[in-house]
Amino acid sequence: MTPAFDVAAGLTYIAQTVGSAVMALVLLGFHRQYRKSYLLHWTLGWAALSVYHLFTGLTALAVGLHVPATAPTRVATAVISGVAGYLQIGWMLFGVYELVRRRPVRIVESRRILIALAVFGFLVSLLFLSSDVQSSSRYLSRVAVRALAAGISFSIAGIAVWRARARRPGIGLPVLAGALALYALEQIHYVGLGVVWYVGGRLLDYTMYLGYIDFLLQSMMAIGMIACLLEDEREAAELAAVEIEHLAYHDALTGLPNRPLFIDRLIVAVAQANRAHQKLAVFFLDLDRFKDINDSLGHTVGDTLLKAVAERVRRCVREGDTVARFGGDEFTLMIPKIENIEDAAKIAQKIIETLKIPFVVTDREMFVTTSIGVSLFPADGADPETLVRNADTAMYRAKEQGRDNYQLYAPAMNARAVERLALENTLRKAISHKELVLFYQPQVNAKTGAIVGVEALLRWQHPELGLLSPAHFISAAETSGLIIPIGEWVLRTACRQLKAWQRKFDESFTVAVNLSARQFQQPDLVEMIRSALHETGIEASSLEVEITESNAMQNAENTMYTLRELKGIGVRISMDDFGTGYSSLNYLKRFPIDTLKLDQTFVKDVATDATDAAIVSAVIEMAHSLNLNVVAEGVERQEQLEFLRRQHCDIIQGYLFSPPIPAEQIDTFITERRPATA
């Protein structure tokens, strides 16, 4: 090896060392910015390559200075060079794997591979240390073996990158694949040089120029890596833009189109249907009593159920139809090119029947029904906004008809909707103008005739229509949510009035207050009642809250929990309209109630109808066996009273004694009935 060769080799080693170190720093900067794991592997690979070139150059310098092969410095440089050379191969391959496969290498496996490569590089570096061994033998063991491993590895990497170019257009992958392939060929060429040196006894003359070729190929590989990174970021930006657009126009929970996308599609469909003189249908779906599920079982269960509902509805329609989630538990459906009204009705019925099949959520069987409104283009609207509004109106009509059904839009529905909206607005004003009043209907001991309490009944003193019963406005109050503030006002007003009567007449006097279904689902109901009791100073046992049988059974488990909380503060509980709903005796036994109220439909003909008489007798006997009091509503005639007394009914309420009357008239009623007559 001539001095000229040593100087040239030294310069190339310096250039390769500096170039590799610069590339490692560049990739490290990119990694800190983009946080891609393959950049970290490549950074470590280039750093290892820089170390390899540095210590290989120092070894060459030691050879030129005739340092013995067994000298510690030469052994150390050989070991560091060998370990770094093999680690560089591993890290480079890990980076290529993650770039091509789009997933990280397993940490445990990568560590094992790197340890194995480091150990192998260490052991190989310690071969042929004796001074009498030819340099060609050391070259074969250290350089040629590593070159063979690098050649095979980078050939495989180049093929993998080349195959990946079909999935990712651009110049980055082809450039990197070409650079890896050429670099692999050069490494194989080093193996050939080692064999020639070992057999022929000398290196070929052009070997002094291979360092420049190394530097050129490594530069190509660096350019390919940077190009791959930039194209990878461009693709990530494009995917992010697509994802943002998807999120902007699709519901995050169900994956269905959202309101803006549905309206956009409906605009296009209406224009096409108008040009082709075709019909299209818009459906508006609302799940029945879905709020009860969210309130009782939690939003996680509710969300899971919504996804299952969305999937079932989607399966009910064709490929070209659009199912969208409008918000909450509301869904819309657009059917273009529909032939007639009957087809729309069949689709609505199919959806209703499909949703009736029980859902299984978290090992819990759940039953869901839906109310559907349908509008048709062009009969029910010439623009998307009108079609959706009219379908929504028809859906509310389906709710009013008992839920779990569909309604086709009819112009008269709009008049009802306008009337309902006007009623809601007027009712809001009635609250602020203090037009709501409470009437009270006495409850009388069946045996003694003494008044034992009253039931508070809401009335609306309308400035134009006069005194209105709840039948005229309670539905609007429920739908609009006004029932919540109204219910709280009723409770507090009744409790204050009760306290006044107790001071004047009897501490054992009670008041019964009705709770609506929506009130009963409020999470702060118990706290609100506790506050009213504390504010008015009445005993909890003086207040009786009434729930209807049908409301109690809407969500029996939640009802049981709330009733137990109410019993915990001492409030008495009454089940109203008993016999008209569908409660099971099992739940009746488990509900912590104090009183059953017989519905007036059974009391009405109790003296003349044997069936009603048998039902009333059986209910009274059953209630007493469960230690419950019985209140009979709607008692209007003496023969009804006599029958109920014979059956040992506890309390009587009805027009036979008094209709609902204002609070000031109750004072007179109580005074007139003292002392009580048998």
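Atoms considered below: every heavy atom in the structure, side chains included; atoms not considered: hydrogens, waters and symmetry mates.
- Annotation: side-chain hydrogen bond (donor to acceptor under 3.5 Å, both in side chains) contacts involving residues 610-623, sequence neighbours excluded, comprise Ser617-Gln647.
- Residues Thr510 and Val454 are not in side-chain contact: their nearest non-hydrogen atoms beyond the backbone lie 4.5 Å or more apart.
- Phe505 places a side-chain heavy atom less than 4.5 Å from the side chain of Thr671.
- In this structure the side chain of Thr370 never reaches within 4.5 angstrom of the side chain of Phe331, judged on heavy atoms.
- Of the possible donor and acceptor atoms, one in the side chain of Thr254 sits under 3.5 Å from a partner among the backbone N and O of Leu256.
- With hydrogens and angles left out, the side-chain atoms of Gln653 and Gln441 include a donor and acceptor closer than 3.5 Å.
- Side-chain N or O atoms of Lys399 include none that pairs as donor or acceptor with a backbone N or O of Ser371 at under 3.5 Å.
- Note on Lys346 versus Glu342: no salt bridge recorded, every NZ/NE/NH1/NH2 to OD/OE distance being 4.0 Å or above.
- At a cut-off of 3.5 Å, with distance as the only test, a side-chain donor of Gln407 or Asn405 sits close to an acceptor on the other residue.
- Counting heavy atoms from C-beta on, the side chains of Glu527 and Arg530 come closer than 4.5 Å.
- In this structure the side chain of Pro257 never reaches within 4.5 angstrom of the side chain of Asp251, judged on heavy atoms.
- In plain terms, the two heavy atoms of Ser658 and Phe669 that are nearest each other are CB-CE1, 3.7 Å.
- Here the shortest heavy-atom pairing between Gly328 and Leu306 reads O-CD1, 3.8 Å.
- No donor-acceptor distance shorter than 3.5 angstrom exists from the side chain of Asn390 to the backbone of Thr393, with no hydrogens or angles considered.
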Checking side chain to side chain contact (heavy atoms under 4.5 Å, CB included) for the pair Thr332/Thr322: CA distance, chi angles, key distance, verdict? CA-CA 8 Å; Thr332 50; Thr322 297; over 6 Å; no

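- Side chain to side chain, Asp288 and Thr369 meet the donor-acceptor criterion of an N or O pair below 3.5 Å.
- Side chain of Asp605 to backbone of Thr608: no donor-acceptor contact under 3.5 angstrom is found.
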Where do Glu636 and Gln640 land on the side chain to side chain donor-acceptor pair (under 3.5 Å) test, with the steps shown first? CA-CA 7 Å; Glu636 299 179 353; Gln640 294 170 333; 5.8 Å; no

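- Listed here is the closest heavy atom pair of Ile372 and Ala348: CD1-O, 3.6 Å.
- Judged by distance alone, the side chain of Thr362 and the main-chain N or O of Arg364 form no donor-acceptor pair under 3.5 Å.
- Under the 4.0 Å criterion applied to side-chain N and carboxylate O atoms, Arg325 and Glu330 are not assigned as salt-bridge partners.
- Looking only at side-chain heavy atoms (C-beta outward), Thr536 and Arg492 stay at 4.5 Å or farther from each other.
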Apply side chain to side chain contact (heavy atoms under 4.5 Å, CB included) to residues Val313 and Leu285 and explain how you reach the verdict. CA-CA 10 Å; Val313 174; Leu285 291 72; 4.3 Å; yes

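- Around atom CZ of Phe290, more than 12 heavy atoms belonging to other residues, nucleotides or ligands sit under 6.0 Å away.
- Not a single donor-acceptor pair under 3.5 Å links the side chain of Arg428 to the backbone N or O of Leu482.
- Between Phe284 and Phe326, a ring centre-to-centre spacing shorter than 6.0 Å is recorded.
- A heavy-atom distance below 4.5 Å is not found between the side chains of Val490 and Thr493.
- Using a 4.5 Å heavy-atom cutoff, the side chains of Phe473 and Thr426 are not in contact.
- Salt bridge Glu353/Lys350: absent, no basic N to carboxylate O contact under 4.0 Å.
- Counting only N and O atoms by type, the side chains of Asn514 and Gln519 include no donor and acceptor under 3.5 Å apart.
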Would Ile335 and Leu333 count as a side chain to side chain contact (heavy atoms under 4.5 Å, CB included) if you check the C-alpha gap in whole Å, the side-chain angles of each, and the deciding distance to 0.1 Å? CA-CA 7 Å; Ile335 308 292; Leu333 169 62; 3.8 Å; yes

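- Asp650 and His624 share a side-chain donor-acceptor pair at under 3.5 Å.
- Note on Lys597 versus Glu455: salt bridge recorded, some NZ/NE/NH1/NH2 to OD/OE distance being below 4.0 Å.
- Scanning all heavy atoms of the two residues, the minimum distance from Val571 to Asp594 falls at O-OD2, 4.2 Å.
- Counting heavy-atom neighbours within 6.0 Å of Leu253 CG, excluding the residue itself, gives a total above 12.
- Summarising the geometry of Trp501 relative to Ala663, their closest heavy-atom pair is CZ2-O, 3.6 Å, with the distance given to 0.1 Å.
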Would you check, one step at a time, whether the test side chain to side chain contact (heavy atoms under 4.5 Å, CB included) holds for Thr595 with Val630? CA-CA 6 Å; Thr595 305; Val630 179; over 6 Å; no

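- Using a cut-off of 4.0 Å between Lys/Arg side-chain N and Asp/Glu carboxylate O, Lys429 and Glu435 are scored as not salt-bridged.
- A cation-pi contact, defined as under 6.0 Å to the ring centre and within 45° of the axis, is absent between Arg389 and Tyr409.
- The minimum heavy-atom distance between Leu498 and Phe509, with the atom names listed, is CD1-O, 3.5 Å.
- Thr386 and Asp383 are linked by a side-chain donor-acceptor pair at a separation below 3.5 angstrom, with hydrogens and angles left out of the test.
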